[in-house]
Amino acid sequence: MTVQAVESDREKFSYIDDGQLFERKSLVDTSRERISKAKEELNSETVKRKLLEDEKNKAIRRSGDGLLGARNDVERGNTSFVLNNQAQSSLLMQQQDETLDELGDAVVRVGEMAGNINEEIEMQNQMLNELDEDMTRVEEELGMVMGKLAKFLKTKNRWHLRTILILSLIVVVLFFLVLYT
């Protein structure tokens, strides 16, 4: 995300040269690949079986002898079923906790992005307000010039007409200067 911010606004981050930007971008790409591989490995069937077996062993240790008082094969089968379900439930709760943690992190990131967007919108609103004020001022000045021009046009004097032409050119130049500054 920060690498993208630097790429999108190179003037703001002029102290970061292209070599540093490339290094940072490479680091981000490499890190993303490693995280992706680690997630794939953690979600593999081998890891899931190992976690389930570990949870089952924990449940057996908690029960003491692992039989929970079972005296025959049917009771042992039921005990094994209960221990397996406890292990699966415990594993599922751990996975849900991890998912909720990831979701919480994502919510924090979205909140930070919303804050950044809000700041950008406030800056753009301020710029638009300044532009509106400049346009209002220029419109008022243009209205005054037009009123004076109307008075001058009532005369047939050549000097007045030349003055009107020169002033009109000045107004056009000023208008473009205001627009491009």
Side-chain angles (χ1 to χ4, degrees), residues 1-59 61-62 84-146 166-181:
M1 172 117 105
T2 55
V3 172
Q4 292 171 346
V6 172
E7 285 180 323
S8 66
D9 194 0
R10 292 294 287 150
E11 291 176 9
K12 186 176 181 181
F13 302 98
S14 59
Y15 55 90
I16 298 176
D17 63 23
D18 291 339
Q20 290 174 326
L21 181 61
F22 178 76
E23 287 176 11
R24 292 176 185 193
K25 196 172 185 179
S26 297
L27 175 67
V28 169
D29 291 341
T30 304
S31 298
R32 283 185 179 152
E33 288 174 15
R34 288 180 180 171
I35 290 171
S36 178
K37 285 181 182 178
K39 283 183 178 180
E40 286 176 15
E41 288 177 12
L42 287 174
N43 290 327
S44 71
E45 288 301 316
T46 305
V47 172
K48 287 180 182 178
R49 281 193 303 272
K50 174 68 172 132
L51 287 172
L52 186 59
E53 187 64 33
D54 289 347
E55 286 299 322
K56 185 177 176 182
N57 289 337
K58 274 199 271 183
R61 281 193 305 273
R62 281 192 302 256
N84 282 336
N85 281 337
Q86 281 181 338
Q88 287 177 347
S89 296
S90 179
L91 188 59
L92 183 60
M93 286 178 17
Q94 287 176 2
Q95 289 173 342
Q96 288 174 345
D97 287 344
E98 290 171 4
T99 302
L100 287 174
D101 288 343
E102 290 175 6
L103 183 61
D105 292 343
V107 167
V108 168
R109 284 193 306 271
V110 168
E112 290 171 355
M113 288 176 16
N116 291 340
I117 290 170
N118 183 43
E119 289 176 17
E120 184 70 26
I121 288 173
E122 286 176 357
M123 286 181 4
Q124 290 181 4
N125 278 339
Q126 182 181 2
M127 290 170 38
L128 286 172
N129 288 338
E130 291 172 1
L131 178 64
D132 186 46
E133 290 171 4
D134 288 345
M135 290 300 293
T136 302
R137 183 180 46 80
V138 169
E139 285 175 357
E140 290 172 358
E141 291 175 5
L142 187 59
M144 290 187 320
V145 169
M146 294 303 283
I166 291 171
L167 288 174
S168 298
L169 289 173
I170 290 172
V171 166
V172 169
V173 169
L174 287 175
F175 180 75
F176 283 107
L177 284 175
V178 167
L179 283 179
Y180 292 108
T181 56

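We number each residue from 1, following the sequence as shown. Side chains are part of it too, since the values below use all heavy atoms of this structure and drop only hydrogens, waters and symmetry mates.
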Trainee: If I take atom CD1 from residue I35 and atom OG1 from residue T30, how far apart are they, to the nearest 0.5 angstrom?
Mentor: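 Separation between the atoms: 11.0 Å.
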
Trainee: We want to know whether E120 and Q124 form a side-chain donor-acceptor pair, criterion being a heavy-atom distance below 3.5 angstrom.
Mentor: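 Distance-only check passes for E120 and Q124.
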
Trainee: Which value, rounded to the nearest 0.5 Å, describes the distance between N118 atom CG and N125 atom CG?
Mentor: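 Spacing of CG (N118) from CG (N125) equals 9.5 Å.
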
Trainee: With the side chain counted from C-beta on, respond yes when L103 and T99 share a heavy-atom pair under 4.5 Å apart, and no when they do not.
Mentor: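 A side-chain contact is absent here, since even the closest heavy-atom pair is not under 4.5 Å.
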
Trainee: Which heavy atom in I16 sits nearest to a heavy atom in L21, and how many Å separate them?
Mentor: CG2-N, 4.0 Å

Trainee: Applying side-chain hydrogen bond (donor to acceptor under 3.5 Å, both in side chains), can you list everything that pairs with D18, at least two apart in sequence or on another chain?
Mentor: R10

Trainee: Within this structure, what is the CD-CE distance for the pair Q95 and M93, rounded to the nearest 0.5 Å?
Mentor: 11.5 Å

Trainee: Using the side-chain contact (heavy atoms from CB on, under 4.5 Å) rule, take L174 and E141 through it: C-alpha gap first, then chi angles, then the decisive distance, then the call.
Mentor: CA-CA 11 Å; L174 287 175; E141 291 175 5; over 6 Å; no

Trainee: With side chains defined as the heavy atoms from C-beta onward, is the minimum distance between R109 and D105 less than 4.5 Å?
Mentor: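 Of all side-chain heavy-atom pairs linking D105 with R109, at least one is under 4.5 Å.
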
Trainee: Roughly how far, to the nearest 0.5 Å, is OG of S26 from CZ of R24?
Mentor: 12.0 Å

Trainee: Look up atom CD in E130 and atom CD in Q126, then write down how far apart they are to the nearest 0.5 Å.
Mentor: 5.0 Å

Trainee: If only atom types and distance count, is the side chain of S36 paired as donor or acceptor with the main-chain N or O of R32 below 3.5 Å?
Mentor: no

Trainee: Are the charged groups of D54 and K50 less than 4.0 angstrom apart, N to O?
Mentor: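 Yes, charged N to carboxylate O under 4.0 Å.
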
Trainee: Sequence neighbours left out, what passes side-chain hydrogen bond (donor to acceptor under 3.5 Å, both in side chains) with Q94? Give chain and number order.
Mentor: E55

Trainee: Determine whether D17 and Q20 make a side-chain contact, defined as any pair of heavy atoms from C-beta on separated by less than 4.5 Å.
Mentor: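 Of all side-chain heavy-atom pairs linking Q20 with D17, at least one is under 4.5 Å.
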
Trainee: Please lay out, stage by stage, how M127 and L131 fare under the test side-chain contact (heavy atoms from CB on, under 4.5 Å).
Mentor: CA-CA 6 Å; M127 290 170 38; L131 178 64; over 6 Å; no

Trainee: Could you go step by step and tell me if E140 and M144 meet the side-chain contact (heavy atoms from CB on, under 4.5 Å) rule?
Mentor: CA-CA 6 Å; E140 290 172 358; M144 290 187 320; 5.9 Å; no

Trainee: Salt-bridge test for K37 and E33: reply yes if a basic N is under 4.0 Å from a carboxylate O, no otherwise.
Mentor: no

